[in-house]
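The structure appears below as structure tokens.
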Amino acid sequence: MNPLKSVGAKLSLALAVVVAGALGAVYLSVVPSLRANLTNAKLRDLKRVAPALRADFVNDPLGIYDPDFMENASERANARAALIDLYSDTPPALQVLRDSRQGKSSTDIENDPVALAAAVALQRREGIVSRGDQRYAEVAEPVDSTGRVLLLSASLHDALGDVHQIQRRLLLAALFALGLSLALGYGGSWMFARRVRRLERAADRIAGGLFDEPIHDPSPDELGQLARGFDRMRLRLAQLDHARNEFIANASHELRTPLFSLGGFLELMGDEELDEETRREFLDTMREQVDRLTRLATDLLDLSRLDAGRLRVERSTFDLAEVAETLAEEFRALASGGGRHVELVGNGEVLAVGDDERALRIGRALVENALRHTPPGTSVSVRADRNGGSSVLEVADDGPGVPAEHADQVFERFYRVEGGALASGSGLGLAIARELAELMGGRVELESVPGRTTFRLVLPTAAEEFSRENVAAGVG
């Protein structure tokens, strides 16, 4: 993988861009402002001292009282002082009369633009001028009406030198901050990316069907929460994979046993010496095996339809008490053969809204579950009743009950309790019952204590449905 295309490189570059932008904004706001402030401060100092120097010069224009006036003015202003005369109006030309820099040439200020502007206008002028590679802050103060001006010129070299020093330090600090941000950003993002790569490898293992290695990330941040979510998914997929393998083995056994049995009986049926009673016994047994295959095939077909969303249910009003009565009659003989007893409790009409065939299918799954997982001598009761705004089909038994640690899982697909009574069967009946109930707008509930287990199919009542339709239609 190209390192420049990694998450670490991108995050560190993004951090460097942010830091560079912040430092650039600081640089652009601080350096020009500091330069302007220092320049303006120098001009203010010159403007403050210029009127006093003009007054002293007017009182002693010939330098009688103070022959060193220009030198003293230079010291007071901390700047170069020069007396300049406008000796020609057309074109304007200046002549330096006196200069505080004695013994040095004054030609550099003979065409000074600030002094020329003040001499022509006879008003104070100020500005920044460049001579050679130096910059100067200047104030020109007229001293009389003939065009003579007192020019104060202060070098900005020292002040701007401080600015340049600050500028260099800012640039060095910026380079250091950029390097540090790149290092910290890449290091932090590398650690972050390493955690992401661990999750990626874990996802590849899970995708490959390997669920034995846990995913551990103790960090409390979002990535740590994601890792813990991945681990929960791993455990759940491991359970589903285990259940799937068990279901395949169980379904193979469930299919193989009746098929082998049917094959054996068909061979025996070919024996011409079989008497009629034995032949009928063989036929009854074969019918039971066919019924067993039919139930398993129906469960698998319903399960595939539920997964594909192609299973549809009707919503109409039906009597749940009739479903309870049908269930009691249908399973009474089967229960008696196994030493159990099925009884119908209660009577009277209990109207519900849903699909009566699907409700009967759910009821069969609940009764079969009760008969399959309870010992001989157990009593199973079937009852239809109202509970608040719902219609309820209740199947209860006085068997050993469902262990508390398995109560939340008995409705899961393929789930069977290892080593217990719930280990028999395909593990599909209750799962299909719950999903069918949800398709009808209802639910299947479990309440289990030692010696009493109750499964309930809860559906909307017809009266409740009628009331909702009236509200929707605006009927009072």
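V49 and A77 make their closest contact through CG1-CB, 3.7 Å (heavy atoms, listed as atom of the first residue, atom of the second, distance). Taking both residues in full, the closest heavy atoms of F69 and L53 are given as CZ-O, 3.4 Å, listed atom of the first, atom of the second, then distance. Across all their heavy atoms, L83 and V143 have their closest contact at CD1-CG2, 4.1 Å.
For the atom pair OG of S448 and CZ of R452, the computed distance is 10.5 Å after rounding to the nearest 0.5 Å. One finds the CZ atom of R148 at 11.5 Å from the CD atom of Q95 (value rounded to the nearest 0.5 Å). Expressed to the nearest 0.5 Å, how far OG of S316 lies from CG of D356 amounts to 6.0 Å.
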Please set out all donor-acceptor pairs under 3.5 angstrom arising from side-chain atoms of residues 133-140, sequence neighbours excluded.
| from | atom 1 | to | atom 2 | distance (Å) |
| --- | --- | --- | --- | --- |
| E138 | OE2 | R131 | NH1 | 2.6 |
| E138 | OE2 | R131 | NH2 | 3.4 |
| E138 | OE2 | S153 | OG | 3.0 |

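No more than 12 heavy-atom neighbours from other residues, nucleotides or ligands sit within 6.0 angstrom of CG on N78.
Ion pairing between R361 and D355 fails under the 4.0 Å rule for side-chain N and carboxylate O.
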Please step through salt bridge (Lys or Arg N to Asp or Glu O under 4.0 Å) for the pair D108 and R80, ending with a clear verdict. CA-CA 12 Å; D108 58 329; R80 179 182 180 182; 2.8 Å; yes
Any chance you could lay out the salt bridge (Lys or Arg N to Asp or Glu O under 4.0 Å) test for R54 and D144, step after step, and finish with the verdict? CA-CA 9 Å; R54 174 183 177 278; D144 56 28; over 6 Å; no
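Contacts of F318 classified as ring-ring contact (aromatic ring centres under 6.0 Å, His included), with partners at least two apart in sequence or in another chain: none.
At distances below 3.5 Å, at least one donor-acceptor pair connects side-chain atoms of N37 with backbone N or O atoms of S33. A donor-acceptor pair under 3.5 Å is formed between the side chain of R101 and the backbone N or O of S105.
At least one side-chain heavy atom of L94 sits less than 4.5 Å from a side-chain heavy atom of L86.
Of the residues K47, R48, R44, the one that meets the salt bridge (charged side-chain N to carboxylate O under 4.0 Å, His left out) test with E126 is K47.
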